[in-house]
Asker: 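One structure, pasted below without further comment.
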Amino acid sequence: MAEAELAEKASTSNVKTALRVIEIMEIFAREGRSLTLTELARLLGAPVSSCLGLIRTLTSLGYLYDTGRRQGYYPTARLLAMAQKIAANDPLLERVQPVLDSLREQTGETVIFGKLRDDGRVVYLDVVESLNPVRYTATAGDIRVAHTNSIGRAILGALPDEQREAYLARATFAPLTARTVSTKEALQQELDASRERGWYCNFGESLADLGAIAVPVVFAGTAHGVSVAGPINRVEAKAADIAAALLTARARLEDHGA
């Protein structure tokens with residue numbers, strides 16, 4: 001029993017350490033400046049002593065460097081180079097990217113490719129941002145509540161009844177805006193109407209000024225979704241054209257992902 005408890009504690013400690021490393025990099029990305037050890041510890045919500053060990057390790061591995069004159073630490077380009085290599089060899093996204101780029105050119109809006117996670121939330125796998133100065137911005141890896149997200153709704157609508165019901169049974173309907181769907185029954189009606197129509201939408205339900213239209217895509221044997229998102233006035237006004245472009249993109253994606 002003692003050995004099992006020690007193993008479990010070690011595993012928990014390793015998970016916490018990995019999470020701390022990710023959080024440190026996210027803090028640098030958010031702050032956009034060098035940070036002292038004291039600042040990092042405060043932003044991380046961790047003791048300076050434990051933060052010091054992480055910083056020393058990351059520095060020794062070449063992921064951080066001391067900016068000098070007590071100005072603190074900042075990430076090197078090592079992480080960027082590694083991320084670029086990973087992205088360049090992604091077996092899924094290399095097939096998806098040309099279709100997303102084309103869809104962005106057709107619609108003029110931001111295009112997102114995502115899937116439903118096991119916890120019932122949507123994760124963005126790729127984002128191709130609009131070139132319009134006023135646009136919706138997002139990042140690959142962003143996570144969204146499924147039933148207020150156009151991609152989430154598209155995937156939920158395509159799921160077998162039993163799986164969709166399991167999600168709806170545990171969903172909470174806390175309002176994000178005045179237009180957020182507020183009950184399980186209302187969401188089910190929305191999904192039914194969208195399935196009949198052939199496309200799914202989020203008009204001001206997650207963000208008041210955001211409009212998004214999505215369709216489900218079966219890619220590599222798994223349900224995904226692709227959406228076009230932008231300012232709600234632009235997206236609503238050209239909803240029919242965006243939906244038609246999405247359906248064409250879905251056919252291309254499913255051909256590539258077969």
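The figures that follow rest on heavy atoms only: side chains count, while hydrogens, waters and symmetry mates do not. Numbering of residues begins at 1 and proceeds along the displayed sequence.
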Asker: Determine, using the 4.5 Å side-chain heavy-atom cutoff (strictly less than), whether Y63 and Y74 are members of one ILVMFWY cluster.
Answerer: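 Yes.
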Asker: What are the two closest heavy atoms between A174 and T180, and how far apart are they?
Answerer: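 Answer, listing the atom of A174 first, then T180: O-CG2, 4.1 Å.
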Asker: Taking the six-membered ring for Trp, are H147 and F173 parallel (under 30°), tilted (30 to 60°) or perpendicular (over 60°)?
Answerer: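 Tilted: the ring planes of H147 and F173 meet at 30° to 60°.
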Asker: Is there side-chain contact between K184 and E165, with at least one heavy-atom pair below 4.5 Å?
Answerer: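 Yes - at least one pair of side-chain heavy atoms lies under 4.5 Å apart.
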Asker: Distance check, rounded to the nearest 0.5 Å: S182 atom OG versus L187 atom CG?
Answerer: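 The OG atom of S182 sits 10.0 Å away from the CG atom of L187.
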Asker: Is there side-chain contact between Y200 and S227, with heavy atoms separated by less than 4.5 Å?
Answerer: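 Of all side-chain heavy-atom pairs linking S227 with Y200, none is under 4.5 Å.
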Asker: Compare all side-chain heavy atoms of I55 with those of L40 and state whether any distance is below 4.5 angstrom.
Answerer: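 Yes, at least one pair of side-chain atoms sits under 4.5 Å.
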Asker: Working to the nearest 0.5 Å, report the span between OH of Y73 and CG of D66.
Answerer: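 If I round to the nearest 0.5 Å, the distance is 5.0 Å.
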Asker: Indicate yes or no: does R33 engage E39 in a salt bridge with an N to O separation below 4.0 Å.
Answerer: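 Yes.
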Asker: Specify the closest pair of heavy atoms between Q106 and A245, including all atoms of both residues, with the distance to one decimal.
Answerer: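 That would be NE2-CB, 4.0 Å.
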Asker: In this structure, would W199 and V235 fall into the same cluster of hydrophobic residues linked by side-chain contacts under 4.5 Å?
Answerer: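 Yes; tracing contacts between hydrophobic side chains, which count when under 4.5 Å, links both residues.
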Asker: Holding to salt bridge (charged side-chain N to carboxylate O under 4.0 Å, His left out), I want the full list of residues that pass it with K115, two or more places apart in sequence or in another chain.
Answerer: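 K115 satisfies salt bridge (charged side-chain N to carboxylate O under 4.0 Å, His left out) with no residue once adjacent residues are dropped.
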Asker: When you measure from the side chain of T248 to the backbone of A244, do you find a donor-acceptor pair of N or O atoms at a distance under 3.5 Å?
Answerer: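 Judged by distance alone, yes, a pair lies under 3.5 Å.
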Asker: For I155 and G225, which heavy atoms make the closest approach, and how far apart are they?
Answerer: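 Nearest pair, atom of I155 first, then G225: CD1-N, 3.9 Å.
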Asker: Examine distances only and state if a side-chain atom of S34 and a backbone atom of T67 form a donor-acceptor pair shorter than 3.5 Å.
Answerer: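 Not a single qualifying donor-acceptor pair exists.
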Asker: May I ask you to decide if L103's main-chain N or O and T107's side chain share a donor-acceptor pair within less than 3.5 Å?
Answerer: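 Judged by distance alone, yes, a pair lies under 3.5 Å.
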Asker: Do T177 side-chain atoms and A208 backbone N/O form a donor-acceptor pair below 3.5 Å?
Answerer: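 No.
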Asker: Between F113 and Y124 (judged by ring centroids, cut-off 6.0 Å), do the two rings come close enough to count as a pair?
Answerer: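 Distance test on ring centres: not under 6.0 Å, no.
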Asker: With no hydrogens and no angle check, is any side-chain donor or acceptor of S150 less than 3.5 Å from a backbone partner on N202?
Answerer: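 Side chain of S150 to backbone of N202, a donor-acceptor pair under 3.5 Å: no, none is there.
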Asker: For H224, run the side chain to side chain contact (heavy atoms under 4.5 Å, CB included) check against V218, I151, L125 and tell me which one passes.
Answerer: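 Filter result, single survivor: L125.
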Asker: If only atom types and distance count, is the side chain of T183 paired as donor or acceptor with the main-chain N or O of A186 below 3.5 Å?
Answerer: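 The answer is yes, because a donor-acceptor pair under 3.5 Å joins these two groups.
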Asker: State, with a plain yes or no, whether a side-chain heavy atom of R121 is found less than 4.5 Å away from one of L116.
Answerer: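 SC-SC contact between R121 and L116 ruled out.
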Asker: Is a side-chain donor or acceptor of R195 paired with a backbone partner of G157 at a separation under 3.5 angstrom?
Answerer: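 Side chain of R195 to backbone of G157: a pair is present.
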Asker: Please test T139 against V127 for side chain to side chain contact (heavy atoms under 4.5 Å, CB included), starting from the C-alpha separation and ending with a verdict.
Answerer: CA-CA 6 Å; T139 304; V127 178; 5.7 Å; no
Asker: Look only at the side chain of R144 and the backbone of V123, and say whether a donor-acceptor pair between them is shorter than 3.5 Å.
Answerer: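 No; judged by distance alone, with no hydrogens or angles, the pair does not exist.
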Asker: What pairs meet the salt bridge (Lys or Arg N to Asp or Glu O under 4.0 Å) rule with one or both residues in residues 202-230, with sequence neighbours excluded?
Answerer: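 Pairs touching residues 202-230 that pass the test: R153-E205.
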Asker: Run through I112, V215, D126, V99 and flag the one making a side chain to side chain contact (heavy atoms under 4.5 Å, CB included) with V226.
Answerer: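 The residue from I112, V215, D126, V99 that satisfies side chain to side chain contact (heavy atoms under 4.5 Å, CB included) with V226 turns out to be V215.
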Asker: State, to 0.1 Å, how close Y136 and A229 come at their nearest heavy-atom pair, and which atoms those are.
Answerer: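 Heavy atoms of Y136 and A229 come nearest at CD2-CB, 3.6 Å.
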Asker: Considering only NZ, NE, NH1 and NH2 on the basic side and carboxylate oxygens on the acidic side, decide whether E109 and R234 come within less than 4.0 Å.
Answerer: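 Looking at R234 together with E109, the answer is yes, because their closest N to O distance falls below 4.0 Å.
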Asker: With side chains defined as the heavy atoms from C-beta onward, is the minimum distance between C201 and E190 less than 4.5 Å?
Answerer: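 Touching, per the 4.5 Å side-chain cut-off.
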Asker: State plainly whether the residues K16 and E23 are in salt-bridge range, i.e. N to O under 4.0 Å.
Answerer: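 Looking at E23 together with K16, the answer is no, because their closest N to O distance does not fall below 4.0 Å.
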Asker: Are L131 and V128 connected in the hydrophobic side-chain network, where two residues link if heavy atoms are under 4.5 Å apart?
Answerer: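 No, L131 does not connect to V128 through the hydrophobic network.
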Asker: How far does CD1 of I213 sit from CZ of R197, to the nearest 0.5 angstrom?
Answerer: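 Answer rounded to 0.5 Å: 8.0 Å.
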Asker: Honestly curious: do V217 and V122 fall in one hydrophobic cluster under the side-chain, below-4.5 Å linking rule?
Answerer: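 No, V217 does not connect to V122 through the hydrophobic network.
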Asker: Treating D241 as the side-chain partner and K238 as the backbone partner, does any N or O pair qualify as donor plus acceptor under 3.5 Å?
Answerer: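 No, D241 side chain to K238 backbone: no donor-acceptor pair under 3.5 Å.
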Asker: Indicate yes or no for a side-chain donor-acceptor contact from R164 to the backbone of L159 under 3.5 Å, with no hydrogens or angles considered.
Answerer: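 Pair found, side chain donor or acceptor close to backbone of L159.
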Asker: For the residue pair G62 and T76, what are the closest heavy atoms and their distance?
Answerer: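 Scanning both residues, the minimum pair turns out to be O-OG1, 2.6 Å.
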Asker: Mind checking the CE-CD1 spacing from M25 to I22? Nearest 0.5 Å is all I need.
Answerer: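 If we round to the nearest 0.5 Å, M25:CE and I22:CD1 are 8.0 Å apart.
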Asker: Nearest 0.5 angstrom please: L44 CG to I27 CD1, how far?
Answerer: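 L44 atom CG to I27 atom CD1 measures 4.5 Å (nearest 0.5 Å).
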Asker: Contact between R20 and C51 at the side-chain level, heavy atoms closer than 4.5 Å - yes or no?
Answerer: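 Contact flag for R20/C51 side chains = no.
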Asker: Mind checking whether L207 and L176 have side chains closer than 4.5 Å, heavy atoms only?
Answerer: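 No. Closest side-chain heavy atoms not under 4.5 Å.
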Asker: Checking side-chain polar atoms at under 3.5 Å, does T59 have a donor or acceptor matched by the opposite partner on R56?
Answerer: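 Short answer, no.
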Asker: Nearest heavy-atom pair of G120 and Y167: which atoms, and what distance?
Answerer: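 Minimum heavy-atom separation between G120 and Y167: O-CE1, 3.1 Å.
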Asker: Enter the distance from I242:CD1 to L247:CG here, rounded to the nearest 0.5 Å.
Answerer: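 It comes to 12.0 Å.
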Asker: Following the transitive rule for hydrophobic clusters with a side-chain heavy-atom cut-off under 4.5 Å over Ile, Leu, Val, Met, Phe, Trp and Tyr, establish whether L43 and I24 coincide in one cluster.
Answerer: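 L43 clusters together with I24.
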